[in-house]
Amino acid sequence: METTKLVLYNTLSRQKEEFVPMHAPSVGMYVCGPTVYGDPHLGHARPAVTFDILFRYLKHLGYKVRYVRNITDVGHLENDADEGEDKIAKKARLEELEPMEVAHYYTERYHDAMRALGVLTPSIEPHASGHIIEQIEFVKKIWDAGFAYESNGSIYFDVEKYNEKYHYGKLSGRNLDDIVTNTRSLDGQDDKKHSYDFALWKKASKEHIMRWPSPWSDGFPGWHMECSAMSTKYLGEQFDIHGGGMDLMFPHHECEIAQSTAALGHDSAKYWVHNNMITINGKKMGKSLGNFITLEQLFKGEHELLTKPFSPMTIRFFVLQAQYRSTLDFSSSALEAAEKGLDRLMKGVDALKKIKPSKSSSIKVEELDAACHNAMNDDLNTPVVISIIFDWIHTINQLVDSQQTITEEDLALLKNTLNVWIFDILGLRNEKQSSSADKLSPVVDMMLEIRQKAKAEKNWALSDEIRNRLTSLGIRVKDRKDGADWEIE
RNA sequence: GGUCUGAUGGCCGAGUGGCUAGGCACAGCUCUGCAAAAGCUGCUACAGCAGUUCGAAUCUGCUUCAGACCUCCA
């Protein structure tokens with residue numbers, strides 16, 4: 001079985017392209033991170049897990065990856081009509097906290113949730129507030145290139161002028177004419193020449209707390225500037241992958257391309273990778289609709305739509321069971337299905353220990369790795385990877401049952417391959433194997449030995465009492481032909 | 001209104017021309033003192049209509065429906 005090459009869907013070309021790094025073995029990847037003004041919700045898990053998988057897989061393929069994911073703690077305007085009030089500042093004032101206090105709190109919340117989901121920490125996690133100077137410098141470059149104008153202390157990007165030389169809309173497939181006729185006119189845009197122009201630097205109003213000095217005014221950077229400035233700073237003028245949610249495609253990523261192209265004279269990212277949304281009742285889960293469920297609510301089961309709590313690994317597995325470019329519809333029953341599937345998968349992995357090697361193998365273990373690679377190489381098709389693993393869980397069960405045979409060598413290969421794919425690449429954890437279970441283990445084994453003696457003496461009363469009391473302690477006794485096994489519920 | 005995407009079995013979700021996706025649920029069976037658990041087996045769907053083809057879930061056209069973006073959003 002031959003192994004293919006990694007292919008990624010590039011939004012720029014609207015097709016799958018072979019991934020060829022610009023400077024192999026190094027790979028640069030930039031992904032838009034969260035705006036830290038609210039608790040992380042299920043929607044945040046999608047890009048985090050998707051690009052975590054890409055990060056892990058690229059490393060598995062032998063690349064040296066620098067993965068940059070930003071923290072937006074400044075910038076995003078509430079809306080253009082909002083006198084330049086910044087989201088962070090608005091929330092801060094409501095709660096009478098320092099803006100940085102709010103940003104820090106939610107950054108920590110985000111980190112905690114990501115850690116629980118098994119999302120590896122990026123190589124660099126730059127904060128927008130820590131890169132104001134870089135952003136001012138970037139605005140200057142655009143200014144010097146002639147694609148910006150000043151109006152009332154704010155600097156705007158001149159989309160029309162840019163579009164004369166380049167194509168504004170190349171990523172989202174729009175043309176300026178369409179944008180002109182189809183952009184709603186909003187109030188409070190008097191400063192701009194055209195409604196489709198966007199702010200590079202925004203003058204702060206009197207009451208605006210988050211502000212920095214600049215050559216133009218005391219203010220703050222426009223809401224697309226941080227990604228251009230920070231990706232350039234840490235990954236260079238040109239880098240391999242730029243990721244983010246599909247909802248950021250326009251205007252955010254379109255504006256980023258315009259900014260970088262205006263300032264540098266060329267595009268910055270080679271592959272634009274966008275994950276699709278998680279939906280709920282067929283509609284996008286997001287802040288604007290208010291139909292989101294926070295990760296903490298999921299972990300604790302505290303939401304009217306949840307029948308029970310779901311572990312972080314169940315959430316991760318749920319996300320991985322769909323290809324990243326498809327919408328994924330949330331429901332409590334879908335999560336329950338994911339939970340049981342994951343449980344079955346982990347039990348299969350545990351069952352590896354019970355296999356007794358033979359002199360020959362009736363199966364071809366090397367096919368597992370090749371099949372997984374082929375699925376993964378096809379634009380990160382994790383659901384197919386998982387289905388292949390399930391096929392092998394079936395095989396493991398047959399091996400345990402002696403319906404198939406495997407040599408000691410092949411068994412070691414099988415264990416190793418499954419470990420790589422399940423734990424290293426998919427990033428799953430076996431949550432039932434905790435350290436407390438290890439300490440508990442000899443104690444439970446002792447109880448089961450006593451019960452086994454009782455059973456041998458047909459002392460069903462004692463044997464059932466031991467079983468019932470263990471069950472009430474959350475330990476499920478599983479009788480087998482030779483003795484008994486157990487697991488924590 | 002513009003741009004784009006999608007419609008797969010009870011549910012979630014792969015699959016781009018012919019061969020079983022997978023998981024969950026469900027049914028039967030095996031194991032078992034009983035139960036539980038586990039395993040095994042079964043379950044053949046592609047929105048509608050027309051066309052291309054020896055053959056279409058997969059290609060083309062039309063229709064219907066849904067969603068995303070066009071405003072902060074992962």
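All values derive from a computational prediction rather than experimental measurement. Hydrogens, waters and symmetry mates are skipped; everything else that's a heavy atom, side chains included, is used. Protein chains get the first letters and strands the later ones, always in sequence-line order, with residue 1 at the start of each.
Between the base of B:A36 and the side chain of A:R467 there is no donor-acceptor pair shorter than 3.5 Å. Taking only distance into account, the side chain of A:D479 meets the base of B:A35 through a donor-acceptor pair shorter than 3.5 Å. Counting atom types as modelled, A:R174 pairs no side-chain N or O with a base atom of B:C70 as donor and acceptor under 3.5 Å.
Contact annotation: A:K283 side-chain N/O to B:G67 OP1/OP2 distance is under 4.0 Å. Contact check, A:K284 against B:C69: a side-chain N or O comes under 4.0 Å of OP1 or OP2. Proximity of A:K340 to the phosphate of B:G23: no side-chain N or O atom is located under 4.0 Å from OP1 or OP2. For B:G33, neither phosphate oxygen OP1 nor OP2 lies less than 4.0 angstrom from any side-chain nitrogen or oxygen of A:K455.
Nucleotides B:U8 and B:G22, compared at atom C1', are 14 Å apart to the nearest Å. For B:A14 and B:A21, the C1' atoms lie 6 Å apart once the distance is rounded to whole Å. For B:C65 and B:G15, the P atoms lie 27 Å apart once the distance is rounded to whole Å. The C1' atoms of B:C46 and B:G9 are separated by 8 Å, rounded to the nearest whole Å. Distance check on atom C1': B:G17 versus B:A56 gives 6 Å, rounded to whole Å. Straight-line distance between the C1' atoms of B:U30 and B:A36: roughly 15 Å, to the nearest whole Å. Distance noted for atom C1' between B:U5 and B:G51: 24 Å (whole Å). Annotation: B:G18 and B:C59 have their P atoms spaced 11 Å apart (nearest Å).
Counting only residues at least two apart or in different chains, side-chain hydrogen bond (donor to acceptor under 3.5 Å, both in side chains) contacts with residues 384-393 of chain A are absent. Legend: salt bridge (Lys or Arg N to Asp or Glu O under 4.0 Å) pairs involving residues 327-339 of chain A, not counting sequence neighbours, sorted by first then second residue: A:K308-A:E339.
Every residue was checked against the salt bridge (charged side-chain N to carboxylate O under 4.0 Å, His left out) condition with A:R344, not counting sequence neighbours, and none meets it. Partners of A:E304 under the salt bridge (charged side-chain N to carboxylate O under 4.0 Å, His left out) rule, at least two apart in sequence or in another chain, do not exist in this structure. Residues passing the side chain to side chain contact (heavy atoms under 4.5 Å, CB included) test with A:T121: none are found, sequence neighbours excluded. For the side-chain hydrogen bond (donor to acceptor under 3.5 Å, both in side chains) test, residues two or more places apart in sequence or in another chain that qualify with A:D445 are A:W486. With sequence neighbours excluded, no residue forms a salt bridge (charged side-chain N to carboxylate O under 4.0 Å, His left out) with A:D240. Every residue two or more places apart in sequence or in another chain that forms a ring pair (Phe, Tyr, Trp, His ring centres under 6.0 Å) with A:Y67 is listed here: A:F55. Considering only residues two or more places apart in sequence or on other chains, A:K340 meets the salt bridge (charged side-chain N to carboxylate O under 4.0 Å, His left out) condition with none of them.
For the pair A:S228 and A:E256, the tightest heavy-atom approach, listed with the atom from each and the gap, is OG-O, 3.4 Å.
Contacts of A:V477 with the nucleic acid, taken as non-hydrogen atoms under 4.0 Å apart, include base atoms. Counting non-hydrogen atoms under 4.0 angstrom, A:R325 reaches nothing in the nucleic acid. Within 4.0 Å (heavy atoms only), A:M249 reaches no atom of the nucleic acid at all. A:G282 comes within 4.0 angstrom of the backbone, heavy atoms only, and of no base.
At whole-Å resolution of the value, OH in A:Y196 and P in B:U71 are 14 Å apart. One interatomic measurement links the two molecules: NZ of A:K287 to C1' of B:C69, which rounds to 20 Å at whole-angstrom precision. Between the C1' atom of B:U5 and the CE atom of A:M246 lies a distance of 8 Å, rounded to the nearest Å. Counting to the nearest Å, the P atom of B:U71 and the CG atom of A:D197 are 13 Å from each other. Rounded to an integer number of Å, the gap from A:K353 NZ to B:A38 C1' is 16 Å. Put simply, CZ on A:R14 is 11 Å from C1' on B:C69, counting in whole angstrom units. Taking atom CD of A:Q398 as the reference point, atom P of B:C40 lies 7 Å away to the nearest angstrom. Between A:L320 atom CG and B:G23 atom P the separation is 17 Å, expressed in whole Å.
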(message) Just to be sure I follow the notation: if a pair is Watson-Crick (purine N1 to pyrimidine N3 plus N6-O4 or O6-N4) or a G-U wobble (N1-O2 and O6-N3), each under 3.5 Å, what dot-bracket string does RNA chain B give, with | for pairs to another strand?
(response) (((((((..(((.....[...))).(((((.......)))))....(((((..]....))))))))))))....
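The closest side-chain donor-acceptor pair between A:Y324 and A:D379 falls under 3.5 angstrom. A donor and an acceptor atom, one from each side chain of A:T395 and A:Q404, are nowhere located under 3.5 Å apart.
Along RNA chain B, the nucleotide nearest A:G173 and the nucleotide nearest A:H44 are compared for position; the residue whose nucleotide lies closer to the 5' end is A:G173. Between A:S387 and A:D247, the residue whose closest nucleotide on RNA chain B is further toward the 5' end is A:S387.
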(request) With salt bridge (charged side-chain N to carboxylate O under 4.0 Å, His left out) as the test, would you mind laying out the steps for A:D112 and A:R115 before giving the verdict? (result) CA-CA 5 Å; A:D112 290 345; A:R115 202 171 298 120; 3.3 Å; yes
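Seen from the ring of A:F250, A:R174 counts as a face-on cation partner, given the 6.0 Å and 45° thresholds.
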(message) Walk along nucleotides 7-18 of chain B from 5' to 3' and tag each nucleotide B, S or - by protein heavy-atom contact under 4.0 Å, base first, then sugar-phosphate.
(response) -----SSSS---
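The A:R476 side chain lies nearest to B:A37 when the options are B:G33, B:A25, B:A37.
Contacts between residues 388-397 of chain A and RNA chain B, counted as heavy-atom distances below 4.0 Å, involve A:F390, A:D391, A:H394, A:N397.
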